[in-house]
Every structure is written in C-alpha cells, then in structure tokens.
There are 2 protein chains.
Amino acid sequence: MEKGKRHISLKDLAQELGVSISTVSRALNNHPDISPNVTRKVQKLAAEMNYSPNPLAMGLLKQATRMIGVIVPDLVTHFYSSIISGIEHIAEEKGYYILIASSNESLKKEIKAVENLMKTRVEGLIVCLSQETKTYEHFDRLINNHIPLVFFDRVCRIDKVPSVVVDNVDAAQKITSHFCKNGFQRIAYIAGPDHLNISQQRTQGYLSGLKKCGLEFRSELLVKCNMSTLDATKVTAALLELSIRPDAIFGINDTVAFAAMKEIKRRGLRIPEDVALVGFTDEFHSTVVDPALTSITHPTFEIGQEAARLFFSRIENPDAEPIQKVLKTKLVIRKSSVR
Amino acid sequence: MEKGKRHISLKDLAQELGVSISTVSRALNNHPDISPNVTRKVQKLAAEMNYSPNPLAMGLLKQATRMIGVIVPDLVTHFYSSIISGIEHIAEEKGYYILIASSNESLKKEIKAVENLMKTRVEGLIVCLSQETKTYEHFDRLINNHIPLVFFDRVCRIDKVPSVVVDNVDAAQKITSHFCKNGFQRIAYIAGPDHLNISQQRTQGYLSGLKKCGLEFRSELLVKCNMSTLDATKVTAALLELSIRPDAIFGINDTVAFAAMKEIKRRGLRIPEDVALVGFTDEFHSTVVDPALTSITHPTFEIGQEAARLFFSRIENPDAEPIQKVLKTKLVIRKSSVR
DNA sequence: AACCTTTGCGCAAACCTTTGCACTATTTTA
DNA sequence: TAAAATAGTGCAAAGGTTTGCGCAAAGGTT
C-alpha cells in the first residue's frame, strides 16, 4: 500500500458501492431517509474496510478538534504526571485527547507553549503556571475570546479563570499543629518564592498554626528558597547553624524536604530526635526514605480529574462565573516527625 | 468575539485586502509570482491580525498531522515520563506534537490505544509494550502499511520495527561482577515475566556474569515476580527464608528492589551487611533511601531522543531496514552493595 | 504593426465530512 | 385519473489551505 492511502474515506466506500458520498454518510449515521437495505450494505462495507471518519475533516467542519492543551512545569515529577493521568482519564471518557507541553519552569517556554498549542487549534488549555510566571498577559487572548482555560495548583486571575487548588492554609496549619502536639517548639518553615499562591498560603497557614498553638513567630525560622535541591540544602544549612537551631522543619514540598533530610543527616543530626521533618506533596518515595517522611498527600489524580471537569463545563458554558475548586489534603504521619 | 471566529483565515485577509485567497497564500509563502508590494502588505496584515495557518486544513491537504502517538505502560513512573520528555524534546524541534496514551500495563488498553491514536490520524507511533503484551497483531496494520512505528525498552518484531533498548545483558553482568568483586557468593536475582525481552536479557546477563566469576548457578536463587510491589515482597520473603539465604539480591527494577529493601529491613536484617541489594533503572529516589541503592542508570532522556530520531528517519524513509539502537547503561555504586 | 514573453494575479480542484435543498420515482388520496 | 404526498438519493456548499493552469495587461522583439 503506497503512502497517502492509509485511510479510506467516504468516497472510497461510495465508489465501491456505486452510490453517492452523501448516501454513505447518512447511512453511517443511521439517517432515516436512507433505505434499510442500503444502510445495511454501507455499514457492512465500512466495518470490513475499517473505516473511521477523518477527524481533520470533522474538525474543519465543526471547528472542534477534540483536543485539550495541557501545560505543566515539568513532566517527570510524580505530582504532575499523576495529575496528567487524572486529566487524561476524564478526557478519554469524553473522547478528547490531550496535548502536553512542559514549561520547564520557564516563563518564556510557557508563553511559547500557549502560542503553539493555540496554533494547533486545541479547544482550550489546562495549565499549572511555571515558577517564573508573574505576568499573565499571555492568557489574555484566551480569556477575552472566551476560550476555555483552567488553572490548577499554581493559579492566577481567579476572578476570570476557573481553578482547582488544595487547601494550603489548612494543610500548613495541620503540620504546625502536629509538630506542636508532639512537643516541638522551634518550628521552622522553608518557603518558596513569594509570588506563588501556594507559597503564600502555606506561609499563612504556618503563621496561623503557630498562633493557634500559642507559639511565638520568629522571623529567623521562616526562610525562602527557589525550590531547587541546591538552594534548599543551603537554607537548611543556615537554619541548622542558627545559635538556637530549630527542632522541627517543614519544607514547602518534598523535594525541599528531601534536600533538608540529606543535609541534616550529613551533619550527623538525627531525625526526628534532633530535628523533626515534614514534607509536602507526598511523592512516592516518602515511604522509602529513612526515616519515612511525614507529608501532606495531595489528591493528585483527583486534581487532574477536577481540572478536566471544570474544563468541560467551560466548553459547554464558556461564560459562566468561574469557580474555584478547593480539595482537601491529608497529613500522613510517619516516623520523621514523631518522637 | 463570538464562538467560531476565534481564528482568522486566509479568506479574512483576502477580503480585508481585496485580493484573492490564492494571492494571500502565495504572498505568505513568499512565492516569486507575487509582487513585492502585495507581499509586503499581506504579510503585514497577517502579522497584525495574528494569522496562523489552520493545521486541520493543512493536515487534510497534505495528509500529515504532525502528530506522533506515544504509548507507555504508565505515565507516573519517572522512567517513562523522562523518556517522554526526551521524545518531546526532539518532536518539538521538528514542529511535531505528541499524543500520549497509557496502556496501564494492559494489552486490551494497548490495543485500544493503537486504534484510537490511528483514528486521530497520528503519523505514527512510538511504543513501549505493556507487560501483558505477548501477541502483536495489533501492530500489523501499521507494519503492513508502512506507517512509522518505533519500539523502545520493551520491544518485539525487531526485524520489522526499529527499536531502542539498553544493553541489558551487559548491565546484568556488571551487577553480578560487582557483587562478586565485593565478595558476595550467593547472588540471587528477582526476574520479571519471561516474555519480556528485558527480563530474558537480564537473566542471560546474570547467568553469564556468574559463569565469568566462576560461581555456580543455583536455581533456587533465580526467582520470578510480576514486577508489582506485592509480588516482589513475597518472593523476597521466600528468598530470605531459604535454608541458606542469599547474601546479595538484585531486582529487575527499582520498584522490585525497593520492595525487597523493605522486606529485608522488616525482618531485622541489615543492608549490605547481611544482604546486599542492587536495583535497576535508577529512579530518582535511589539516592534518598537508606542505605542508598546501587543501581543501573538508564539514559532515559536519550532513550526518548533516540526513539524520536528513529521515528523521524522512518517518516523520511519508511522502507529502510529497521535498525536497533542499543544504549549503554552505567552501574552507579552506592552503599547498599558494598561492605 | 503584429507577435511573443514576462509579470502578476484569480479560478477551481483536491483533501473529507455533513447537511439543506432539489430531484425522481413510487405510492397514496381525492 | 389527476394531483399530492412520500421515500430514497444526489448535488453542492462550507470549512481552510495549496497549487496547476489560465488569463489579462504590460513590456519587448522583429
């Protein structure tokens, strides 16, 4: 079989049967106008020749590609791949495909990804902002043209764009309370960049958690990092070198917590005896490190599913008020934070 | 802006400028027939109105969608997501997008994925077989029609289909030799299902490694599992309960090795003093477990890149002899296997 | 002055599908 | 028996793009 004839079309069927293309089309769609006789013949041949409608032609006609663009900071973190899994799950049910692009945490690549995906005529976008993203003009065209758009986890423009997030304030409070209940007094928090909603909210939860436990806030125990392993190691070192060092640390995510764990161990300190540790996101390997890491589980698969559901409600009704879906997290207590 | 007019077309430009559609098309493609004057005007307006050609129309015309279907056993394992990253990297350079489907290690879902992706008119497929896949008829249509197809890691039909794999025999030999050099005598191997090329090859490397070191093969030390955590735990337990237990174990992949690690620890045995342990695949968390896990690093990103490259050479020349690309692995020695 | 070449552009087909409308037989109704 | 209704099909347009071919006007050659 030569190139360019890999798929058969209505035309092929029509020729074979000696009827017109429109008859074939109608027969396949069970249009009542077509005689049962012809309908049967057409459907039989179509099945035999393994016909399937050309989505390009349909797309052109209906102006709908049945594709969703998904932009994530990276593809390799379990958190994102699991969310993508959730999105895919719902998309598949609806007969949609997803086109994935990763921003690599770069604003520039994110902008490019938005452009490219729009060029491919996806019907809309589901996005988790890159770490660098502080300006949002690249989403204006979508918003103004009412093209479905959904943010998750790292979000913006929540007045205009539906989003799904976890209750970060609550989660950070849970951690702080947990430390407090277990007798820790000097609780440190390694935060992320200020412009990220997740970082802000977790900080807020940390602060209100302290207050609730009657602990005083000490500014030297609240430090920031850019969420890289390297930077996290550095700020952990700084924490451990304080004249009075913290007896408990929680990191904005597990990557940060793992880095902290290594640094703590490297200095010959014991977890949780000398310093307790809690992470955030509950990556798979939390259970496999020693000691097992207490962490906040994210309902990643559900986040993906919810995002996809919001997306489809957007497809159906592009002008409804955008809503924000807040999912609850769970604190999973393991050895790293209990003595 | 109302629905259905989100993108502007050649027609819009033509109308605006009072020329024909074909003139606009040619002007945008810098066709010499069009006067510089008109060309300039057209290109200016196109830029202003932010025109981009409709890929659906192009696809219809050229019978090319610039999309690649990718099927992986799952999306959430680092191994696969990293390979996907590699594929995406090359695809992006070529202006291609990838459509991802996961088989969830199920043959049925894999067959469905092949069907669905073909229906969406991807130009070809890059596939890692599911664990269940022992029959390959679902690829026949692609092979017979010369539709580009590339396998990686878990492969079949290598006489017909280009593939990229790692040198599993060599890798397993490296592990066995490493154990031997460190004085371990009773080396056990937890294999996977027989029909997987990777499992077979690693077994072969294990055997030849033993021979090279002058160690005798003992059938009770070669066990199989279905690569799930549960099953791996079970067979590890069996190994540890042998009248003379192994002093070293290597698992077919890191998931298996982690399961083994937990079981060994649970029984109060020390690693590597009582039992040494080596994994395969070098997932990220190898470094974070305690003791850090010796493992074979896979050049995952390169595997993805190579697979994509093979794919594109297939696009250009669908009838060339299929080649198999074999990539080398590296043994990364950590604490779990050295005493 | 009569013819040929070049320049610059438009027409229409092709890719594939759906669907409103028109058309031809056949059957029903008055 | 003539008129009207019905059943079963085909035509053509639309959606966006490229491209072979045709065509007109302008310029150049004897």
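Order of the sequence lines sets the chain letters (A, B, ...), proteins ahead of strands, with each chain counted from 1. Atom set for the values below is all heavy atoms of this structure, side chains included, hydrogens, waters and symmetry mates excluded.
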Listed once per pair and sorted, the side-chain hydrogen bond (donor to acceptor under 3.5 Å, both in side chains) pairs that draw on residues 14-28 of chain A, sequence neighbours left out: A:S20-A:S22, A:S20-A:T23
Nearest-angstrom distance from the residue atom NZ of B:K11 to C1' of D:dT18: 16 Å
Atom-to-atom span, CD1 of A:I21 to P of C:dT18 - whole angstrom: 11 Å
Spacing between B:H31 atom NE2 and C:dC9 atom P, to the nearest angstrom: 12 Å
For A:S103, all residues meeting side-chain contact (heavy atoms from CB on, under 4.5 Å), sequence neighbours excluded: A:I71, A:P73, A:E110, A:S130
Toward the 5' end of DNA chain C, by each residue's nearest nucleotide, B:T23 or B:R121: B:T23
N or O in side chain of B:S25 less than 4.0 angstrom from D:dT17 OP1/OP2: no
Pairs where residues 78-93 of chain A contributes a residue and the test salt bridge (Lys or Arg N to Asp or Glu O under 4.0 Å) is met, not counting sequence neighbours: none
Nucleotide D:dA7, atom P - distance to CG of A:N37 in whole Å: 16 Å
Qualifying residues under salt bridge (Lys or Arg N to Asp or Glu O under 4.0 Å), relative to B:D33, sequence neighbours excluded: none
Selection: residues 40-62 of chain A, any non-hydrogen atom under 4.0 Å of DNA chain D: A:A57, A:L60, A:L61
Greater than 12 external heavy atoms within 6.0 Å of B:K41's NZ: no
Neighbour count above 12 (heavy atom, 6.0 Å) for B:I143 CD1: yes
Per B:S20 side chain, nearest of listed nucleotides C:dC11, D:dG16, C:dG8: C:dC11
For atom CG of A:L13 and atom P of D:dG10, their distance in whole Å: 14 Å
Pairs of donor and acceptor atoms involving the side chains of residues 301-313 of chain A, under 3.5 Å and at least two apart or interchain, shall be tabulated with distances.
unit_1: A:Q305; atom_1: OE1; unit_2: A:H89; atom_2: ND1; d: 3.3
unit_1: A:E306; atom_1: OE2; unit_2: A:R309; atom_2: NH1; d: 2.9
unit_1: A:S313; atom_1: OG; unit_2: A:L310; atom_2: O; d: 2.9

Set of salt bridge (Lys or Arg N to Asp or Glu O under 4.0 Å) partners for A:R154, sequence neighbours left out: A:E105
Per-nucleotide protein contact string for nucleotides 20-27 of chain C (B base, S sugar-phosphate only, - none; heavy atom under 4.0 Å): B-------
Qualifying residues under salt bridge (Lys or Arg N to Asp or Glu O under 4.0 Å), relative to B:E115, sequence neighbours excluded: B:K112
Paired stretches of DNA chain D - 3 or more consecutive Watson-Crick or G-U pairs, each distance under 3.5 Å: C:1-30 with D:1-30
Which residues share a salt bridge (Lys or Arg N to Asp or Glu O under 4.0 Å) with A:E48, sequence neighbours left out: A:K44
Rounded distance in Å - CG (B:L10) to P (D:dT19): 12 Å
Nearest-Å distance for atom pair CD1/P, residues B:I34 and C:dT6: 18 Å
Spacing between A:Q63 atom CD and C:dT17 atom P, to the nearest angstrom: 17 Å
Pairing residues for B:Y97 by the ring pair (Phe, Tyr, Trp, His ring centres under 6.0 Å) criterion, not counting sequence neighbours: none
